[in-house]
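Take a look at the structure below.
Remember, it's a predicted structure, so these values are computed and weren't measured experimentally.
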Amino acid sequence: MIPTAFDYEVATSLDHALALLGGGGEEARLIAGGHSLLPLMKLRLARPTALVDIGRLDELRHVREKGDLIAIGALTRHHDLERSELLGEACPALARAASQIGDPQVRYRGTIGGSIAHGDPASDLPAVLLALDAEFVTRSEEGERTIPAADFFLRPFVSALEPHEILTEIRVPRLREASGSTYLKFSRRAQDWAIVGVAAVVDCADGVIEKAAIGLTNMGPTPVRATKTEAALVGIDTADESAISAAAGHATAESDPPFDTYATAEYRTALAEVLVHRAVRAALG
(Lines give C-alpha, C1' and ligand atoms only; values in the text may rest on other atoms or scores of the structure.)
Protein backbone atom coordinates (compact mmCIF):
# COMPACT_ATOMS: atom_id res chain seq x y z
CA MET A 1 0.00 0.00 0.00
CA ILE A 2 0.95 3.67 -0.24
CA PRO A 3 1.32 5.76 2.96
CA THR A 4 -0.99 8.69 3.57
CA ALA A 5 0.35 12.18 2.79
CA PHE A 6 2.75 13.75 5.26
CA ASP A 7 5.13 16.69 5.64
CA TYR A 8 8.86 15.97 5.78
CA GLU A 9 11.56 18.00 7.56
CA VAL A 10 15.27 17.32 8.07
CA ALA A 11 16.64 18.25 11.50
CA THR A 12 20.11 19.81 11.61
CA SER A 13 20.55 19.63 15.39
CA LEU A 14 18.86 18.13 18.42
CA ASP A 15 17.28 21.47 19.36
CA HIS A 16 16.05 21.86 15.77
CA ALA A 17 14.55 18.37 15.91
CA LEU A 18 12.71 19.18 19.14
CA ALA A 19 11.34 22.38 17.63
CA LEU A 20 10.17 20.56 14.50
CA LEU A 21 8.62 17.78 16.53
CA GLY A 22 6.80 20.24 18.77
CA GLY A 23 5.52 22.19 15.79
CA GLY A 24 4.36 19.14 13.85
CA GLY A 25 1.30 18.38 15.94
CA GLU A 26 0.33 15.30 17.95
CA GLU A 27 0.85 12.97 14.98
CA ALA A 28 4.42 14.09 14.16
CA ARG A 29 6.94 11.25 14.24
CA LEU A 30 10.71 10.90 14.19
CA ILE A 31 12.49 8.85 11.55
CA ALA A 32 16.11 7.71 11.29
CA GLY A 33 16.68 4.22 9.86
CA GLY A 34 12.96 3.82 9.19
CA HIS A 35 12.85 0.03 9.58
CA SER A 36 10.13 0.16 12.24
CA LEU A 37 8.02 3.10 11.10
CA LEU A 38 7.94 2.75 7.30
CA PRO A 39 6.35 -0.73 7.21
CA LEU A 40 3.58 0.51 9.51
CA MET A 41 3.07 3.55 7.29
CA LYS A 42 2.81 1.39 4.17
CA LEU A 43 0.10 -0.68 5.87
CA ARG A 44 -1.50 2.55 7.12
CA LEU A 45 -1.29 1.29 10.68
CA ALA A 46 0.64 4.50 11.32
CA ARG A 47 -0.50 7.77 9.70
CA PRO A 48 1.87 10.53 10.79
CA THR A 49 1.07 14.01 9.56
CA ALA A 50 4.75 14.99 9.70
CA LEU A 51 8.09 13.17 9.70
CA VAL A 52 11.15 14.72 11.32
CA ASP A 53 14.32 13.13 9.93
CA ILE A 54 17.02 12.96 12.63
CA GLY A 55 19.28 10.57 10.72
CA ARG A 56 21.97 13.22 10.20
CA LEU A 57 22.44 14.09 13.89
CA ASP A 58 25.94 12.72 14.50
CA GLU A 59 25.79 14.00 18.08
CA LEU A 60 23.46 11.04 18.78
CA ARG A 61 25.78 8.44 17.28
CA HIS A 62 28.47 7.14 19.69
CA VAL A 63 29.60 4.34 21.98
CA ARG A 64 31.82 5.61 24.80
CA GLU A 65 32.67 5.21 28.45
CA LYS A 66 30.96 7.46 30.97
CA GLY A 67 32.34 6.56 34.38
CA ASP A 68 31.13 3.06 35.24
CA LEU A 69 28.60 3.21 32.40
CA ILE A 70 28.73 2.71 28.66
CA ALA A 71 26.88 5.54 26.91
CA ILE A 72 25.34 4.70 23.54
CA GLY A 73 23.84 7.37 21.30
CA ALA A 74 20.30 6.64 20.17
CA LEU A 75 21.30 6.84 16.48
CA THR A 76 24.06 4.26 16.82
CA ARG A 77 23.41 1.61 14.19
CA HIS A 78 23.14 -2.10 14.95
CA HIS A 79 26.24 -2.73 12.85
CA ASP A 80 28.24 -0.34 15.03
CA LEU A 81 27.01 -2.06 18.20
CA GLU A 82 28.00 -5.42 16.76
CA ARG A 83 31.51 -4.22 15.86
CA SER A 84 32.19 -2.06 18.93
CA GLU A 85 35.31 -3.24 20.76
CA LEU A 86 34.15 -1.45 23.90
CA LEU A 87 30.81 -3.29 23.96
CA GLY A 88 32.50 -6.57 23.07
CA GLU A 89 34.65 -6.20 26.18
CA ALA A 90 32.28 -4.47 28.63
CA CYS A 91 28.84 -5.66 27.54
CA PRO A 92 29.08 -8.61 25.12
CA ALA A 93 25.37 -9.57 25.32
CA LEU A 94 24.40 -6.30 23.67
CA ALA A 95 26.92 -6.69 20.85
CA ARG A 96 25.81 -10.29 20.31
CA ALA A 97 22.12 -9.33 20.18
CA ALA A 98 22.86 -6.59 17.63
CA SER A 99 24.65 -9.13 15.43
CA GLN A 100 21.44 -11.20 15.21
CA ILE A 101 19.10 -8.43 14.08
CA GLY A 102 17.79 -8.89 10.56
CA ASP A 103 20.32 -8.96 7.73
CA PRO A 104 23.36 -6.75 6.98
CA GLN A 105 21.20 -4.17 5.20
CA VAL A 106 18.99 -3.81 8.26
CA ARG A 107 21.97 -3.63 10.63
CA TYR A 108 23.62 -0.90 8.54
CA ARG A 109 20.50 1.31 8.69
CA GLY A 110 18.56 0.38 11.82
CA THR A 111 19.34 2.21 15.07
CA ILE A 112 19.23 1.18 18.71
CA GLY A 113 17.05 4.16 19.59
CA GLY A 114 14.51 3.34 16.91
CA SER A 115 14.32 -0.27 18.04
CA ILE A 116 13.74 0.73 21.67
CA ALA A 117 11.25 3.52 20.99
CA HIS A 118 9.23 1.23 18.69
CA GLY A 119 8.52 -1.06 21.67
CA ASP A 120 8.01 -4.30 19.75
CA PRO A 121 7.95 -7.20 22.28
CA ALA A 122 9.55 -9.44 19.62
CA SER A 123 12.54 -7.09 19.22
CA ASP A 124 15.88 -8.37 20.51
CA LEU A 125 17.49 -5.31 22.12
CA PRO A 126 14.80 -4.38 24.69
CA ALA A 127 15.12 -7.69 26.59
CA VAL A 128 18.91 -7.34 26.70
CA LEU A 129 18.71 -3.78 28.00
CA LEU A 130 16.13 -4.84 30.58
CA ALA A 131 18.46 -7.56 31.87
CA LEU A 132 21.35 -5.08 31.95
CA ASP A 133 19.36 -2.58 34.05
CA ALA A 134 19.90 0.07 31.39
CA GLU A 135 18.74 3.65 31.63
CA PHE A 136 17.25 5.69 28.78
CA VAL A 137 17.95 9.40 28.54
CA THR A 138 15.33 11.55 26.82
CA ARG A 139 15.11 15.22 25.84
CA SER A 140 12.20 17.55 25.30
CA GLU A 141 11.91 21.31 25.12
CA GLU A 142 11.23 21.21 28.88
CA GLY A 143 14.54 19.46 29.66
CA GLU A 144 16.11 16.04 30.16
CA ARG A 145 15.00 13.00 32.12
CA THR A 146 16.26 9.45 32.72
CA ILE A 147 13.94 6.43 32.58
CA PRO A 148 14.95 2.98 33.91
CA ALA A 149 14.43 0.19 31.40
CA ALA A 150 12.08 -1.50 33.87
CA ASP A 151 9.70 1.49 33.62
CA PHE A 152 10.06 2.22 29.91
CA PHE A 153 8.09 -0.52 28.13
CA LEU A 154 4.39 -0.18 28.98
CA ARG A 155 2.55 -2.42 26.50
CA PRO A 156 3.02 -3.57 22.87
CA PHE A 157 4.42 -0.69 20.81
CA VAL A 158 3.84 1.78 23.65
CA SER A 159 6.63 3.23 25.77
CA ALA A 160 7.06 5.90 28.43
CA LEU A 161 8.23 8.40 25.79
CA GLU A 162 6.06 11.51 25.65
CA PRO A 163 4.78 12.62 22.19
CA HIS A 164 7.31 15.47 21.80
CA GLU A 165 10.24 13.74 23.50
CA ILE A 166 13.36 12.31 21.85
CA LEU A 167 15.35 9.32 23.11
CA THR A 168 18.95 10.55 23.02
CA GLU A 169 21.13 8.04 24.86
CA ILE A 170 21.15 4.55 26.34
CA ARG A 171 23.37 3.90 29.36
CA VAL A 172 24.35 0.40 30.50
CA PRO A 173 26.58 -0.60 33.41
CA ARG A 174 30.00 -1.95 32.56
CA LEU A 175 30.01 -5.62 33.59
CA ARG A 176 32.44 -6.78 36.26
CA GLU A 177 35.35 -9.05 35.32
CA ALA A 178 33.61 -11.90 37.15
CA SER A 179 30.45 -11.40 35.08
CA GLY A 180 29.41 -13.17 31.92
CA SER A 181 26.60 -12.37 29.51
CA THR A 182 25.05 -13.55 26.28
CA TYR A 183 21.94 -13.42 24.13
CA LEU A 184 20.38 -16.45 22.47
CA LYS A 185 17.37 -16.53 20.17
CA PHE A 186 15.43 -19.18 18.32
CA SER A 187 13.74 -18.34 15.04
CA ARG A 188 12.28 -20.27 12.12
CA ARG A 189 14.82 -18.91 9.65
CA ALA A 190 17.93 -16.79 9.81
CA GLN A 191 17.02 -13.08 9.97
CA ASP A 192 13.51 -13.77 11.31
CA TRP A 193 12.08 -12.28 14.48
CA ALA A 194 12.76 -14.41 17.55
CA ILE A 195 10.12 -16.96 18.48
CA VAL A 196 11.84 -16.68 21.88
CA GLY A 197 15.00 -14.84 22.88
CA VAL A 198 16.93 -14.91 26.15
CA ALA A 199 19.43 -12.43 27.57
CA ALA A 200 21.48 -13.72 30.51
CA VAL A 201 23.85 -11.80 32.78
CA VAL A 202 25.54 -13.82 35.54
CA ASP A 203 27.96 -12.73 38.30
CA CYS A 204 30.08 -15.41 39.98
CA ALA A 205 32.59 -15.70 42.81
CA ASP A 206 34.55 -18.80 43.85
CA GLY A 207 32.51 -21.03 41.54
CA VAL A 208 29.15 -19.88 42.91
CA ILE A 209 26.53 -17.69 41.23
CA GLU A 210 26.14 -14.47 43.22
CA LYS A 211 23.68 -12.63 41.00
CA ALA A 212 21.77 -13.25 37.77
CA ALA A 213 19.56 -11.25 35.44
CA ILE A 214 17.40 -12.87 32.75
CA GLY A 215 15.48 -10.98 30.07
CA LEU A 216 12.98 -12.69 27.76
CA THR A 217 12.02 -11.66 24.22
CA ASN A 218 8.55 -12.37 22.78
CA MET A 219 7.25 -13.91 26.00
CA GLY A 220 4.72 -11.22 26.84
CA PRO A 221 3.34 -7.84 25.76
CA THR A 222 6.65 -6.27 26.76
CA PRO A 223 10.15 -7.66 27.42
CA VAL A 224 10.03 -9.75 30.60
CA ARG A 225 12.42 -10.23 33.53
CA ALA A 226 12.47 -13.83 34.77
CA THR A 227 12.87 -12.81 38.42
CA LYS A 228 12.03 -16.23 39.89
CA THR A 229 14.80 -17.85 37.87
CA GLU A 230 17.16 -15.03 38.86
CA ALA A 231 16.46 -15.70 42.54
CA ALA A 232 16.73 -19.48 42.13
CA LEU A 233 20.16 -19.19 40.48
CA VAL A 234 21.75 -17.33 43.39
CA GLY A 235 23.99 -19.62 45.44
CA ILE A 236 24.14 -22.41 42.85
CA ASP A 237 27.48 -24.03 42.08
CA THR A 238 28.39 -23.15 38.49
CA ALA A 239 29.05 -26.84 37.74
CA ASP A 240 25.66 -28.03 39.04
CA GLU A 241 23.75 -28.60 35.81
CA SER A 242 20.68 -30.08 37.51
CA ALA A 243 20.30 -27.05 39.77
CA ILE A 244 20.67 -24.65 36.83
CA SER A 245 18.07 -26.66 34.90
CA ALA A 246 15.68 -26.53 37.86
CA ALA A 247 16.14 -22.76 38.13
CA ALA A 248 15.46 -22.39 34.40
CA GLY A 249 12.18 -24.18 34.96
CA HIS A 250 10.88 -21.05 36.71
CA ALA A 251 11.72 -18.81 33.74
CA THR A 252 8.18 -18.36 32.46
CA ALA A 253 6.43 -17.88 35.81
CA GLU A 254 5.93 -14.14 35.15
CA SER A 255 5.47 -14.36 31.38
CA ASP A 256 2.42 -14.31 29.14
CA PRO A 257 3.61 -15.87 25.87
CA PRO A 258 1.62 -15.10 22.73
CA PHE A 259 -0.09 -17.63 20.47
CA ASP A 260 0.49 -16.86 16.80
CA THR A 261 1.25 -18.47 13.44
CA TYR A 262 4.83 -19.16 14.53
CA ALA A 263 4.28 -20.96 17.84
CA THR A 264 1.77 -21.78 20.54
CA ALA A 265 2.09 -20.37 24.03
CA GLU A 266 2.93 -23.87 25.31
CA TYR A 267 5.71 -24.25 22.76
CA ARG A 268 7.18 -20.89 23.72
CA THR A 269 7.06 -21.82 27.40
CA ALA A 270 9.00 -25.04 26.84
CA LEU A 271 11.44 -23.33 24.48
CA ALA A 272 12.11 -20.47 26.90
CA GLU A 273 13.11 -22.88 29.68
CA VAL A 274 15.57 -24.65 27.37
CA LEU A 275 17.05 -21.38 26.10
CA VAL A 276 17.41 -19.95 29.62
CA HIS A 277 19.43 -23.01 30.65
CA ARG A 278 21.63 -22.69 27.58
CA ALA A 279 22.05 -18.93 28.00
CA VAL A 280 23.06 -19.23 31.65
CA ARG A 281 25.56 -21.94 30.77
CA ALA A 282 26.96 -19.80 27.93
CA ALA A 283 27.23 -16.76 30.23
CA LEU A 284 29.11 -18.87 32.75
CA GLY A 285 31.55 -19.86 30.03
Side-chain angles (χ1 to χ4, degrees), residues 1-11 17-18 20-57 60 74-79 81 97-98 100-130 136 138 140 147 149 152-168 170 185 187-189 191-195 197 217-223 256-263:
M1 291 180 65
I2 299 173
T4 56
F6 56 88
D7 295 327
Y8 174 79
E9 298 280 358
V10 177
L18 289 168
L20 292 171
L21 191 61
E26 289 298 318
E27 295 303 319
R29 294 291 182 269
L30 299 171
I31 188 168
H35 286 286
S36 299
L37 180 59
L38 290 179
L40 294 180
M41 291 175 61
K42 289 179 179 180
L43 293 171
R44 298 202 175 186
L45 297 173
R47 302 187 180 194
T49 55
L51 290 184
V52 178
D53 190 339
I54 59 173
R56 296 165 177 82
L57 302 187
L60 300 184
L75 293 186
T76 305
R77 297 186 178 99
H78 305 317
H79 169 80
L81 300 175
Q100 299 178 62
I101 296 174
D103 56 26
Q105 289 178 312
V106 170
R107 293 196 292 275
Y108 270 103
R109 292 292 299 168
T111 64
I112 184 173
S115 179
I116 294 165
H118 186 50
D120 190 337
S123 182
D124 299 300
L125 296 180
V128 180
L129 294 167
L130 185 64
F136 304 139
T138 69
S140 69
I147 309 170
F152 188 82
F153 304 101
L154 304 181
R155 54 187 185 273
F157 306 104
V158 177
S159 73
L161 277 174
E162 298 293 337
H164 296 152
E165 200 169 30
I166 297 177
L167 176 63
T168 59
I170 298 90
K185 66 187 283 187
S187 53
R188 293 175 62 205
R189 301 166 300 180
Q191 306 167 7
D192 273 355
W193 296 100
I195 293 177
T217 296
N218 216 3
M219 286 297 291
T222 64
D256 182 19
F259 180 107
D260 55 29
T261 56
Y262 297 106

Mind listing the side-chain donor-acceptor pairs of residues 152-164 below 3.5 Å, one per line with the distance, residues two or more places apart or on another chain?
{"unit_1": "Ser159", "atom_1": "OG", "unit_2": "Leu161", "atom_2": "N", "d": "3.2"}
{"unit_1": "His164", "atom_1": "NE2", "unit_2": "Gly25", "atom_2": "O", "d": "3.3"}

**OP:** For Glu9, look at atom CD and say whether over 12 heavy atoms of other residues, nucleotides or ligands are found less than 6.0 Å away.
**Re:** no
Original post:
What pairs with Ala46 under side chain to side chain contact (heavy atoms under 4.5 Å, CB included), at least two apart in sequence or on another chain?
Top reply: Leu37, Leu40, Met41, Pro48
Subject >> Backbone of Thr111 reached by a side-chain donor or acceptor of Arg77 within 3.5 Å >> reply: no
Original post:
Taking atom CG of Leu60 and atom CD1 of Ile112, what is their separation to the nearest 0.5 Å?
Top reply: 12.5 Å
Original post:
Is there a side-chain contact between Leu130 and Pro223, using heavy atoms and a 4.5 Å cut-off?
Top reply: yes
Original post:
Can you name the nearest heavy-atom pair linking Ala74 to Ile170, along with the distance?
Top reply: CA-CD1, 4.0 Å
Original post:
In chain order, what residues pass the salt bridge (charged side-chain N to carboxylate O under 4.0 Å, His left out) check against Arg107, with sequence neighbours excluded?
Top reply: Glu82
Subject >> Partners meeting side chain to side chain contact (heavy atoms under 4.5 Å, CB included) with Leu43 (sequence neighbours left out) >> reply: Leu45
**OP:** Step by step, work out the side-chain contact (heavy atoms from CB on, under 4.5 Å) result for Leu167 and Ile116.
**Re:** CA-CA 9 Å; Leu167 176 63; Ile116 294 165; 4.1 Å; yes
**OP:** Give a yes or no on whether the backbone of Ala263 and the side-chain of Asp260 come within a donor-acceptor separation of less than 3.5 Å.
**Re:** yes
Original post:
CD1/Ile101 to CG/Leu125 distance, rounded to the nearest 0.5 angstrom?
Top reply: 4.0 Å
Subject >> Pairing residues for Arg189 by the side chain to side chain contact (heavy atoms under 4.5 Å, CB included) criterion, not counting sequence neighbours >> reply: Asp192
Original post:
Which pairs count as side chain to side chain donor-acceptor pair (under 3.5 Å) when at least one residue sits in residues 35-53, sequence neighbours excluded?
Top reply: Tyr8-Asp53, Asp53-Arg56
**OP:** Find out whether Asn218 and Ile195 are in side-chain contact, i.e. whether some heavy atom of one side chain is under 4.5 Å from a heavy atom of the other.
**Re:** no
